[in-house]
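We're numbering straight along the sequence, starting at 1. In listed order, ligands and their atoms are each counted from 1. Every heavy atom of this structure was used, including side-chain atoms; hydrogens, water molecules and symmetry mates were not.
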Amino acid sequence: MKTASFIILVSILLLSGCANKSVRGVATEKSSAEVLFENLKSIVGKATLFGHQDDLAYGIGWKYVEGESDVKRTAGDYPALFGWELGGIELGNPVNLDSVPFHKMREFAVWVHKNGGVNTFSWHPFSAVDESKSSWVVDEEVVRHILPGGSHHTVFIQHLDKMVGFFKELKTEEGEMIPFIFRPWHEMDGGWFWWGVDLTTPQEMIVLFRFTIEYMHENGVTNFLVAYSPDRHFNNEAEYLTWYPGDDLVDVIGVDNYYDMRSGEQGLQDAIHKLEIVARYAEKTGKVAAFTETGLDRITEMDWYTAKLGAALNANEWTRKIVYAMVWRNHDLTHFYVPHPEHPAANDFRSFLNQNQIWLLNDWNNFVTNK
Ligand code: BMA
């Protein structure tokens with residue numbers, strides 16, 4: 001190839017890479033993930049988006065009914081943020097580990113994007129060392145075997161390829177890639193996942209996390225934000241950062257916390273303290289902070305939404321900087337986090353959502369369109 005055409009080709013390749021990539025501060029057209037990040041940043045200290053896992057897929061007493069949502073049924077509007085779970089995609093399964101068909105999940109996520117909402121994905125993959133073992137089987141080391149050089153690295157690459165394949169199809173009818181927040185390897189400080197603290201060193205986790213995101217980038221999935229979300233096992237910033245893959249990679253500084261949020265007044269104070277750590281670190285690094293998972297299963301405290309979640313998010317100037325809080329799924333009456341309309345906690349849920357700074361989809365859309 002002649003030198004001139006080679007230079008032109010290299011320039012084209014470089015430019016096309018930049019246009020898609022999350023290269024902040026570079027004067028190329030912004031990707032929709034960058035726009036999402038900026039929109040989230042502009043609500044820091046102003047509002048917290050309310051999120052719900054699997055909100056559009058099913059709820060209490062219904063499954064796959066178009067337009068349906070338990071948040072909407074009880075509170076009159078959709079959540080602003082929608083969580084989805086990819087576990088099972090790595091095995092080539094047509095449905096995820098909670099029986100949600102991946103083709104439906106894709107349709108829901110596209111609907112969310114079209115309607116102004118935010119999508120976030122978690123991934124509880126089966127083990128690449130033994131594909132019969134779910135994320136919750138913690139009887140052997142997995143991570144060190146799936147890292148580069150490990151005995152099961154090739155299988156892990158196949159798993160990543162399946163996950164990448166899903167995200168590459170996450171586009172509108174017009175072919176536009178939709179932005180999302182990806183939150184892999186969460187709660188790594190707990191002992192309940194095969195990537196958890198008992199079976200994985202912090203260094204291994206960092207390598208795994210970085211490898212996962214870089215692999216996505218290298219394989220053409222670039223239009224997303226990355227969330228880092230340990231559970232509650234930290235008491236200061238240094239501990240929080242034990243598994244942190246790096247400021248160059250992460251956009252959302254998150255925490256998952258159920259335990260403290262169901263453990264009385266002391267628990268609430270502990271949860272607030274952890275949200276503060278997260279919010280301070282996000283501010284220091286120019287990122288956004290989020291309460292990436294919480295909730296009270298079956299809502300056994302009737303004032304949980306105002307007395308716990310509302311109190312935590314509105315505790316002080318730091319917790320008010322949390323940009324979203326997401327509760328887990330409404331499987332059925334034995335496992336749910338959003339009250340159905342007749343539930344005795346429904347009024348309290350509505351009071352929580354009626355606070356000015358807690359936003360559902362319409363509030364968020366009004367803000368984004370009038371910005
Ligand atoms: C857990 C429970 C499980 C579910 C898993 C992954 O918290 O809700 O029933 O399979 O999350 O979504």
State, with a plain yes or no, whether a side-chain heavy atom of V71 is found less than 4.5 Å away from one of L360.
yes

Any donor and acceptor pair, going by atom type alone, linking the side chain of K321 with main-chain N or O of V288 inside 3.5 Å?
no

At a 4.0 Å threshold, what atoms of ligand 1 neighbour a non-hydrogen atom of W136?
5 (C), 6 (C)

I'd like to know whether the aromatic ring centres of F336 and Y58 sit less than 6.0 Å apart in this structure.
no

Minimum non-hydrogen distance to atom 9 (O) of ligand 1, winning option of H331, R329, Q53
R329

Nearest-option assignment for atom 4 (C) of ligand 1, heavy atoms, candidates D297, T334, D98
D98

Any non-hydrogen atom of W84 lying under 4.0 Å from ligand 1?
no

Identity of the nearest option to atom 8 (O) of ligand 1, non-hydrogen atoms only, from E85, H335, H124
H335

On a heavy-atom basis, the closest approach of D251 and F37 is O-CE1, 3.6 Å

Can you tell me which residue and heavy atom of the protein come closest to atom 1 (C) of ligand 1, and the distance to 0.1 Å?
W328 NE1, 3.5 Å

Note: ligand 1 atoms sitting under 4.0 Å from heavy atoms of L97 are 6 (C), 10 (O), 12 (O)

Is any side-chain heavy atom of L97 less than 4.5 Å from a side-chain heavy atom of W136?
yes

Within the 6.0 Å centroid threshold, strictly below: H335 and W328
no

